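Please read the structure below before turning to the comments.
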Amino acid sequence: MMRITALTAMLVLTVLASASCGDYSTSPGGQYPPPPPDTTVVNGLWTVSGSAPAILRLTSPQLLSSGDVTPATAITTSSASLHGFNSVAFDAEGTLWMTSQNDSLLVAFKQSALATSGVRVASRVIAPANESLAAPSALAFDASHNLWVANTGNGTLVRFDSAQLAASGRPTPSVILSDVGRPTGLAFDAAGGLWFSDTQAHRISKFSAAQLDSSARIVPEVVLTSIGPDISGAVGLAFDAAGNLWIANSGLLNVIAIRAEHLTTTAFVHADIVISAAGATPPLPLGLAFDDHGDLWVAYAEGVLAKYDHTTLAASGTPAPAVRVAIKDHQLVRSPAFWPVPTGLPLH
């Protein structure tokens, strides 16, 4: 009740000020700035397709029920090819950053460029310098808003500081971690550790926050290798709110989880949870993301996004997706990302 009263009073004062002094918000030279732009026009789940290349957005209403969907926003660009397996992530300002694996570029689009469908020129393009970018396959922001990139082509993880991303160019990464195999997935844990998957060696590794300060060829703090074929072709990584690591296992056409207590030391591990898709020919999982409710969204190469309710993720099985949407005319869909960024997760 008090909130309604305060709002009413504020509206009355606004009307009185307008009547006695004029509308400063719209008049030339007015002393009050215009209201901030409505950024809700870009809210939803964003991804990128490598076949029929485009940046795609599904709105919240489109994610409520299963079926075929036409993306609410579809953006193409002349700034990068986008063919192949690409990844997306938002920075703190809501700028969408993307790897373009085929031409080894990072491209960024401000929110103003994401509001409607069409052809857009990237606001920033980061091009390779001395193999700083080589078939980049994944990206993630750390808590200091620096951008980390996994380079499948030359087996490096590189960091671009936020200042290096302010304009287009060919910056030399501030940190280069080399000889890390074939990295294809990246995710930060709650303590700032950087986890990456190696599809060639079928393992998951972690550099601690302390190991991320300077360039080196060093042994990761944690290396997880499966006893059997549990980890195979891991391409997408995501942490849930409890600190469990989820993995999109393209080699076995499933999604697995390793519980937080099994992530502390180098070891041979079994998958604690295995989620398989139903059907004689399961789809190919390529990316993962958790939403605000703790539900898991899986991006499949066939152009399908499936939501698994958090209540079905406690044990292995073949749960039916709570929602399954097929994006019309787009395939090789990977790396879903929500805007606004979900709270309670180790995302920055």
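Every heavy atom of this structure was used, including side-chain atoms; hydrogens, water molecules and symmetry mates were not. Each residue takes its place number in the sequence, starting with 1. Computed from a prediction, not measured in an experiment: that's the story for all the values here.
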*asked:* Is it the case that the side chains of Asn151 and Thr156 hold a donor-acceptor pair, with the cut-off being a distance below 3.5 Å and no angle test?
replied: yes
_Could you measure the distance from the CG atom of Leu245 to the CH2 atom of Trp195? Nearest 0.5 Å is fine._
6.5 Å
*With the side chain counted from C-beta on, respond yes when Val323 and Trp297 share a heavy-atom pair under 4.5 Å apart, and no when they do not.*
yes
*Which pairs with one or both residues in residues 222-237 pass side chain to side chain donor-acceptor pair (under 3.5 Å), sequence neighbours excluded?*
Asp230-His270
*Shortest non-hydrogen contact from Pro319 to Tyr308?*
O-CE2, 3.4 Å
_Looking at every non-hydrogen atom in both residues, tell me the closest pair between Ala260 and Gly243 and how far apart they are._
CB-O, 3.4 Å
*Would a 4.5 Å heavy-atom cut-off, applied to side chains only, mark Leu157 and Pro183 as touching?*
yes
*Mind checking side chain to side chain contact (heavy atoms under 4.5 Å, CB included) for Ser250 and listing every partner two or more places apart, or none if nothing turns up?*
Val235, Leu284
*Got a second to check how far Gln111's CD is from Leu96's CG, nearest 0.5 Å?*
9.5 Å
*Measure across Val125 and Ser79 and return the closest heavy-atom pair with its distance rounded to 0.1 Å.*
CG2-CB, 4.2 Å
*4.5 Å side-chain heavy-atom contact, Asp291 and Lys307*: yes
*Grab the two heavy atoms, one from Glu93 and one from Trp339, that are nearest each other, plus how far apart they are.*
C-CH2, 4.3 Å
List, one per line, each side-chain donor-acceptor pair under 3.5 Å for residues 324-333, sequence neighbours excluded.
from   : atom 1 : to    : atom 2 : distance (Å)
His330 : ND1    : Ser49 : OG     : 3.0
His330 : ND1    : Ala52 : O      : 2.9

_Atom of Leu139, atom of Met98 and distance for their closest heavy-atom approach_ = CD1-N, 4.1 Å
*Who are the salt bridge (charged side-chain N to carboxylate O under 4.0 Å, His left out) partners of Arg159, not counting sequence neighbours?*
Asp161
*Can you spot which of Thr99, Thr152, Asn86 makes a side-chain hydrogen bond (donor to acceptor under 3.5 Å, both in side chains) with Ser137?*
Thr152
*Once you round to the nearest 0.5 Å, how far does OG1 of Thr76 lie from CZ of Arg120?*
8.5 Å
*More than 12 heavy atoms of other groups within 6.0 Å of Asn130 CG*: no
*Any Ile204 side-chain heavy atom under 4.5 Å of Ile247 side chain*: yes
*Sub-4.5 Å side-chain heavy-atom contact between Ile258 and Leu263*: yes
*Please identify each residue that fulfils side-chain hydrogen bond (donor to acceptor under 3.5 Å, both in side chains) with His83, with sequence neighbours left out.*
none
*Where do Ser132 and Ala127 come nearest, in terms of heavy atoms and distance?*
OG-O, 4.2 Å
*May I ask you to test the Pro342-Phe290 pair for a side-chain heavy-atom distance under 4.5 Å?*
no
_Interatomic spacing from CZ in Phe160 to OG1 in Thr172 - rounded to 0.5 Å_ = 8.5 Å
*Report the distance from atom CG of Leu105 to atom CG of Asp103, rounding to the nearest 0.5 Å.*
4.0 Å
*Return yes if a side-chain donor-acceptor contact under 3.5 Å exists between Thr184 and Ser197, otherwise no.*
yes
*List in chain and number order the residues that pass ring-ring contact (aromatic ring centres under 6.0 Å, His included) with Phe196, two or more places apart in sequence or in another chain; answer none if no residue qualifies.*
Phe207
_I want to check something: taking the side chain as every heavy atom from C-beta on, are His262 and Asp272 in contact at a cut-off of under 4.5 Å?_
yes
*Please examine the side chains of Phe338 and Leu63, heavy atoms only from C-beta on, and report whether any two atoms are closer than 4.5 Å.*
yes
